[in-house]
Amino acid sequence: MNIQNMIAERFGAALNALGVDPAAYLDMIRPSQDPKFGDFQANFAMPLGKKLGKAPRDVAAEVVERLQYDDMLEAPEIAGPGFINLRVKTDWLARLAQSESVDERLGVESVATPRRYVLDYSAPNVAKPLHVGHIRSTMIGNALAHILKFLGHHVVSDNHLGDWGTQFGMIIYGYRNFLNEAAYKEAPVEELARLYRLVRQLVDYYAAKGQDEKLRADVVAASAKLDAQKAVCADAKARDDAEKTKESKDALKKANKERERLGKALEAAQEQYDGARKKIEGVENDPEVFALAQGRETIGQDVLNETSKLHHGDEANCALWRQFIPQCMKDVDRIYWALNVKFDVTLGESFYNDRLPGLVERLKKQGVARETEGAIGLFLPNQEIPMLIQKSDGAYLYATTDLATLEYRRDTFQPDAILYVVDFRQGLHFEQLFEAAKYLNMGDVELKHVKFGTVLGEDGKPFKTRAGKAVELRSLIQEARERAYEIVAANDAARPENERFTEEEKVETARRVGVGALVYADLSQNRESDYVFSYEKMLAMNGNTATYMQYAYARVRSIFTKGGIDVDALRREFAAGKRTLTLDVPEERALAFELVKFQSALENVVRDYRPNFLTAYLYELANKYSAFFEKCPVLRADDEDVRSNRLLLCDLTARTIAKGLELLGIQTVERM
RNA sequence: GUCUCCAUAGCUCAAUUGGAUAGAGCGUCGGCCUCCGAAGCCGAAGGUUGCUGGUUCGAUUCCAGUUGGAGACGCCA
């Protein structure tokens, strides 16, 4: 149940009665920001007054006069310039909370018209270990999939693995040239990852060497330009000192600005050069790697050749690929297991390989794709540069695969919407892809790039896997579990001996708490903003964290345990009308009001695919519960009715928190 | 060079999409456990929402300009 919508309906009727089309005004009914303005406020009287040429307060009064409210709302108050402040009647609220507390779905209605969604998220490159950046796509997508399903939509979550690109050329090359068989037998995934890193290092090494001279020359040139500009600035300064005219001043300003720009250009050139040097020295200072590098000047091309052979069905390479994939997947799946993430389907890039030639042919026949500088480009109406769909060596690109994927999804799932949960830096790619989709007979399917910001390092620069220092997700998860374990163990040791956890329980509790903290740290952020990675923040377990909610949940549950309460019997009593919920103190009412807003919170998430609206809601709920918990004794309440009342509120709180966390992909614990 | 995004408390971030006195966490300071779990609660300090204009009843939110930061820009994904 969504109270806001109910109120909106009533205002709709009132506005109609006034001869006003309510469409533009009903979404101006909002929860109040300050409790002293009531529970909800209607803000439309100001613009409407303007339109009708009447005083907003008079308009407000006229609307209120026609509003049917008295079963559910206190008398509306008109305040300030024309705000209509609304307060839900407490007994009405109590009835609603009671009905939701005995409802399987916590009062959340299924949507009237379900849509079919395909969600594309996670999609790691399986040849590389997952790093901290992968948690965003994975967990945002996972949360959205759960929430959409719970609201009654039809959802297919699809993990579009990167299992077919250049990275496998590298591994194949490494396997052929550098394999340590003993290590491969012992720990295949680690060995493959080592090979990948080694080959990558060598490819980068020769690429850097090839550019070394040019980059150095760039630095020298940039430096010379800067020096020349400095002279220009000095002249301009002398002239300005002499003339002091507006003209000379402007000229000086302009010269200084140019100097600044050139300074930055020099810095950028230097950075590029340093980067290349670092790659070169990294190899040359490591005798072992340097020895391996000898005589492999063509490694870059060789790797591409291995990739190309794979794509064109070379038997030996395909066999190797088939051998590697399960190994790589084992590694990836371990992470998904730890994060408690599952997919409905996992169709990687390789799945679409045999559809690519036909796709390109058709687009060529349609006349929208044609040769450009040796490659095949797809020419789009609103884009200056064509989207390349086939390289000059015949290999395909990820744009090609994405187009083939669109067709497949169209035919297989008949979606109303496809959501891509992908880093915002790929924005241009999706703009082009969605434009290109118009050639694919996609109908009116909604294509949406659910973009998210970059994870930055402590230096404020984007985290890059190749930088070598990327924090692997596996070790982050490990760390989270260890920190949680310490707290769990310390807490446990303070308990009476007969209530203590077994070792197994401690480990499992630590896993849920630690991973929950990690996941929550990510989901609680507005997905579009970049954020600075810090261990402290990702692993925090107090404040606005999953732990806080898990803790609230565990506290509620312990009340039921301690009191020996039969929850089912309690719910039955209320369901059968043997008891009636009342909200007698402000903390009870505030808690109930928050509980009843669950559906609205979920709807807010879905409106723009922002899981942080749900974390914000849960935090608010846990907060309200803490206030209630402080002020309102439950088991110690001396009145039987009060006790049952509060127990019912506790139960609904626990279930709402558990459901909310579950939708986010976070598990609860009975004790912690 | 072209285009896109961002700028909010000391730090990390919110702000239900134009609403009333901009909120949290961390950190700082001060209170609360013979009482259902203190991973908690209550309170204090901390702000010209980068800057300048504009739009209007009303702007952190929309527009223009400006400064600073990040990113993208055909054979990587």
Side-chain angles (χ1 to χ4, degrees), chain A residues 4 27-28 30-34 36-37 41 43 46-47 49-50 56 79-83 85 123 125 162 165-167 349 372-378 384-393 395 397-399 401-402 423-429 431 451 453-454 456 460-462 484 487-488 490-491 494-495 513 521 524-526 528-532 534 536-537 540-545 547-548 550-552 554-563 600-601 603-605 607-608 610 612-613 615-617 619-620 623 626-627 629-637 646 650 671-672:
Chain A
Q4 202 171 322
D27 62 350
M28 298 178 79
R30 303 259 163 76
S32 298
Q33 287 198 346
D34 191 319
K36 81 177 176 202
F37 298 133
Q41 59 184 48
N43 301 332
M46 285 78 82
K50 178 132 198 132
F83 295 107
N85 292 335
N125 174 349
T166 314
Q167 68 270 27
E349 292 174 332
T372 162
E373 291 176 37
I376 305 295
L378 184 60
E384 285 178 33
I385 304 163
M387 182 163 75
L388 292 193
I389 53 175
Q390 189 168 17
K391 298 201 265 187
S392 39
D393 68 358
L397 294 114
Y398 81 134
T401 314
D402 277 358
D423 191 310
F424 82 101
R425 283 176 293 185
Q426 293 195 38
L428 182 59
H429 167 68
E431 224 174 90
K451 56 188 89 167
T454 313
L456 306 173
K461 300 237 158 129
I487 303 172
V488 169
N491 198 14
R495 268 195 274 261
V513 172
S524 59
Q525 206 115 162
N526 180 331
E528 288 196 4
S529 49
D530 293 347
Y531 73 86
V532 176
S534 91
E536 198 165 308
K537 196 172 88 189
M541 291 175 206
N542 51 30
N544 182 8
T545 61
T547 313
Y548 182 72
Q550 289 167 324
Y551 181 70
R555 279 201 302 191
V556 183
R557 298 297 305 153
S558 86
I559 290 176
F560 285 90
T561 312
K562 187 148 284 184
S600 165
E603 288 169 352
N604 284 339
V605 170
R607 195 170 55 213
D608 201 24
R610 293 182 187 278
N612 67 310
F613 286 162
T615 63
Y617 167 78
Y619 182 61
E620 200 57 36
N623 235 325
S626 281
F629 182 81
E630 294 290 322
K631 279 274 166 53
C632 306
V634 180
L635 294 176
R636 288 183 286 109
R646 292 182 177 168
C650 284
R671 297 195 299 149
M672 59 193 279

Minimum side-chain heavy-atom gap A/Arg646-A/Pro633 below 4.5 Å: yes
Sticking with atom [atom1], work out how far [N] lies from [M], rounded to a whole angstrom.
{"N": "B/U60", "M": "B/C3", "atom1": "C1'", "value": "25 Å"}
{"N": "B/A24", "M": "B/G47", "atom1": "P", "value": "15 Å"}
{"N": "B/A14", "M": "B/C26", "atom1": "C1'", "value": "14 Å"}

Side-chain donor or acceptor of [X] under 3.5 Å from a matching atom on the base of [N]?
{"X": "A/Ser558", "N": "B/G37", "answer": "yes"}
{"X": "A/Lys451", "N": "B/U4", "answer": "no"}
{"X": "A/Ser392", "N": "B/C75", "answer": "yes"}
{"X": "A/Tyr551", "N": "B/A39", "answer": "no"}
{"X": "A/Asn612", "N": "B/A15", "answer": "no"}

Over all strands shown, is [X] touching base, sugar-phosphate only, or nothing at heavy-atom distances under 4.0 angstrom?
{"X": "A/Ala616", "value": "nothing"}
{"X": "A/Asn43", "value": "base"}
{"X": "A/Tyr398", "value": "base"}
{"X": "A/Leu397", "value": "sugar-phosphate"}

Please give, in whole Å, the distance from [N] [atom2] to [X] [atom1]?
{"X": "A/Arg607", "N": "B/U16", "atom1": "CZ", "atom2": "P", "value": "9 Å"}
{"X": "A/Met28", "N": "B/G58", "atom1": "CE", "atom2": "P", "value": "14 Å"}
{"X": "A/Asp423", "N": "B/G71", "atom1": "CG", "atom2": "C1'", "value": "9 Å"}
{"X": "A/Met672", "N": "B/A39", "atom1": "CE", "atom2": "P", "value": "9 Å"}

Does A/Lys631 place a side-chain N or O at less than 4.0 Å from the phosphate oxygens OP1/OP2 of B/C41? no
Return the stacking result for B/G40 and A/Phe629: yes when the ring centres lie under 5.5 Å apart and the planes under 30°, no otherwise. no
Per atom distances to the A/Gln33 side chain, the nearest of B/C75, B/A20, B/C36 is B/A20
